[in-house]
J.: 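If you scroll down you'll find the structure; I have some questions about it.
Basis for what follows: all heavy atoms, side chains included, without hydrogens, waters or symmetry-related copies.
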2 protein chains.
Amino acid sequence: MRPLPHPATGDIQLTEVLRALSDPVRLEIVARLASHGEMTCGDAGDALGVHKSTASHHYRILREAGVVLTKQEGRLKFMSLRREDLDDRFPGLLDSVLSATHAVA
Amino acid sequence: MRPLPHPATGDIQLTEVLRALSDPVRLEIVARLASHGEMTCGDAGDALGVHKSTASHHYRILREAGVVLTKQEGRLKFMSLRREDLDDRFPGLLDSVLSATHAVA
DNA sequence: CGCATAGTTGGATGGTTGTCAAACCATAAA
DNA sequence: TTTATGGTTTGACAACCATCCAACTATGCG
């Protein structure tokens, strides 16, 4: 289980987080991570119907923005939300975005 | 005081709002609108050091995303935040973003 | 070792973005 | 009606983005 480079909590930039969340595919990934806990890259590709390299691209953006944590275990990479870090830095932001994704139409 | 076309509250899209807020210039505009109440396009250009056409461009994006309300009065156009509409559609989102803009470094 | 699996990387592509400058439009004042 | 002022629109341009495909890397299993 090796860690990968992530921005420190204090280095997370608001505009980058908002930018990362402003894509429908990434927002869906985040919503799924919020409810399912963890996810591999392949899961995202299957669930969202995008090419695996596209999913990988989105994961990188989410990771570099500080939204998700990626840890390698064996030959899989598990992604999870950095809930505490985000809540520490931008209180309430993630929660409001997540509840907004549940809003209808 | 003539109104301009704006999206209805129910038509405001989460990804578009996040996208609109993911630019430093626009985020600064929104922060100023939150504290100063209203602003003209010229004010924004002066305060942010961008060309007036650039400011106009950003206002359009904010307006079309449903973040700001634009009303014409004489030859000036006043922009204001659609706080109630946003709070109605995405509760807590605007507040958390605004308080996040106050976060240091 | 050889093979399969999970992701990443690089290239290509079509589309979007932020910016400025110059021209344009609309309103008010002289 | 002419002039000045506040914004918008258009064009141009460089940068970036989402996507796919193909090739590559890395890890684990026989």
J.: Could you tell me whether a side-chain N or O of D43(A) sits under 3.5 Å from a main-chain N or O of T40(A), the two making a donor and an acceptor?
T.: yes
J.: Considering non-hydrogen atoms only, spot the tightest contact between V67(B) and A20(B) and give its length.
T.: CG2-CB, 4.4 Å
J.: Could you state the interatomic distance from CE (M39(B)) to CG (D46(B)), rounded to the nearest 0.5 Å?
T.: 8.5 Å
J.: Find the distance between CG (L21(A)) and CD1 (I61(A)) and round it off to the nearest 0.5 Å.
T.: 11.5 Å
J.: What is the distance, to the nearest angstrom, from the CZ atom on R63(A) to the C1' atom on dT8(C)?
T.: 10 Å
J.: The helix from dC1(C)-dG30(D) to dA30(C)-dT1(D): angle between its terminal axes, five pairs each, to 10°?
T.: 10°
J.: Below 4.0 angstrom, which residues in residues 33-41 of chain A have at least one non-hydrogen atom near DNA chain C?
T.: T40(A), C41(A)
J.: Check the distance between dT5(D)'s P and D43(B)'s CG and give it to me in whole angstrom.
T.: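 Going from D43(B) (CG) to dT5(D) (P), I get 16 Å.
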J.: How many angstroms lie between atom OG of S96(A) and atom CG of L86(B), to the nearest 0.5 angstrom?
T.: 11.0 Å
J.: Please write out the pairs of protein N or O atoms and N or O atoms of nucleotides 2-4 of chain D separated by less than 3.5 Å, giving the distance to one decimal.
T.:
none

J.: Give the C-alpha distance, both sets of side-chain angles, the deciding distance and a yes or no for side chain to side chain contact (heavy atoms under 4.5 Å, CB included) between I29(B) and H58(B).
T.: CA-CA 9 Å; I29(B) 291 175; H58(B) 286 307; 4.1 Å; yes
J.: Rounded to the nearest Å, what distance is computed from the CZ atom of residue F78(B) to the P atom of nucleotide dG7(D)?
T.: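 That distance rounds to 8 Å.
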J.: How would you list, by chain and number, every residue that makes a salt bridge (Lys or Arg N to Asp or Glu O under 4.0 Å) with R63(A), sequence neighbours excluded?
T.: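 Checked R63(A) against salt bridge (Lys or Arg N to Asp or Glu O under 4.0 Å); zero matches.
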J.: Provide, to the nearest angstrom, the distance between the NZ atom belonging to K71(A) and the P atom belonging to dG7(C).
T.: 14 Å
J.: Would you call K71(B) and E38(B) a salt bridge, using N to O less than 4.0 angstrom?
T.: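 Yes, charged N to carboxylate O under 4.0 Å.
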J.: How close or far is atom P of dG7(D) from atom CD of E73(B), stated in whole angstroms?
T.: 12 Å
J.: Using the 3.5 Å cut-off, write out each protein N or O paired with an N or O of nucleotides 18-20 of chain C and the distance between them.
T.:
unit_1	atom_1	unit_2	atom_2	d
dG18(C)	OP1	R26(B)	NH1	3.3
dG18(C)	OP1	R26(B)	NH2	2.8
dG18(C)	OP2	R26(B)	NH1	3.4
dG18(C)	OP2	H57(B)	NE2	3.3
dT19(C)	OP2	H58(B)	NE2	2.4
dC20(C)	OP2	H51(B)	N	2.9
dC20(C)	OP2	T54(B)	OG1	2.9

J.: Check salt bridge (Lys or Arg N to Asp or Glu O under 4.0 Å) between R83(A) and all other residues, then give those that pass, not counting sequence neighbours.
T.: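 Partners of R83(A) under the salt bridge (Lys or Arg N to Asp or Glu O under 4.0 Å) test: none.
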J.: Would L27(B) and T15(A) count as a side chain to side chain contact (heavy atoms under 4.5 Å, CB included) if you check the C-alpha gap in whole Å, the side-chain angles of each, and the deciding distance to 0.1 Å?
T.: CA-CA 8 Å; L27(B) 203 53; T15(A) 51; 3.7 Å; yes
J.: Please give, in whole Å, the distance from dG7(C) P to L48(A) CG?
T.: 14 Å
J.: For a side chain to side chain contact (heavy atoms under 4.5 Å, CB included) check, start with the C-alpha distance between L33(A) and M79(A), then their side-chain angles and the critical distance, and finish with the verdict.
T.: CA-CA 8 Å; L33(A) 286 177; M79(A) 328 283 176; 4.3 Å; yes
J.: Just how far, in rounded Å, is P of dG6(D) from CD of Q72(B)?
T.: 13 Å
J.: Give, for atom CD of E64(A) and atom CD of Q13(A), the distance between the pair rounded to the nearest 0.5 Å.
T.: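 The distance works out to 13.5 Å.
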J.: Which whole-number value in Å describes the distance from K77(A) NZ to dG28(D) C1'?
T.: 15 Å
J.: Could you tell me whether a side-chain N or O of H36(B) sits under 3.5 Å from a main-chain N or O of R32(B), the two making a donor and an acceptor?
T.: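 Judged by distance alone, yes, a pair lies under 3.5 Å.
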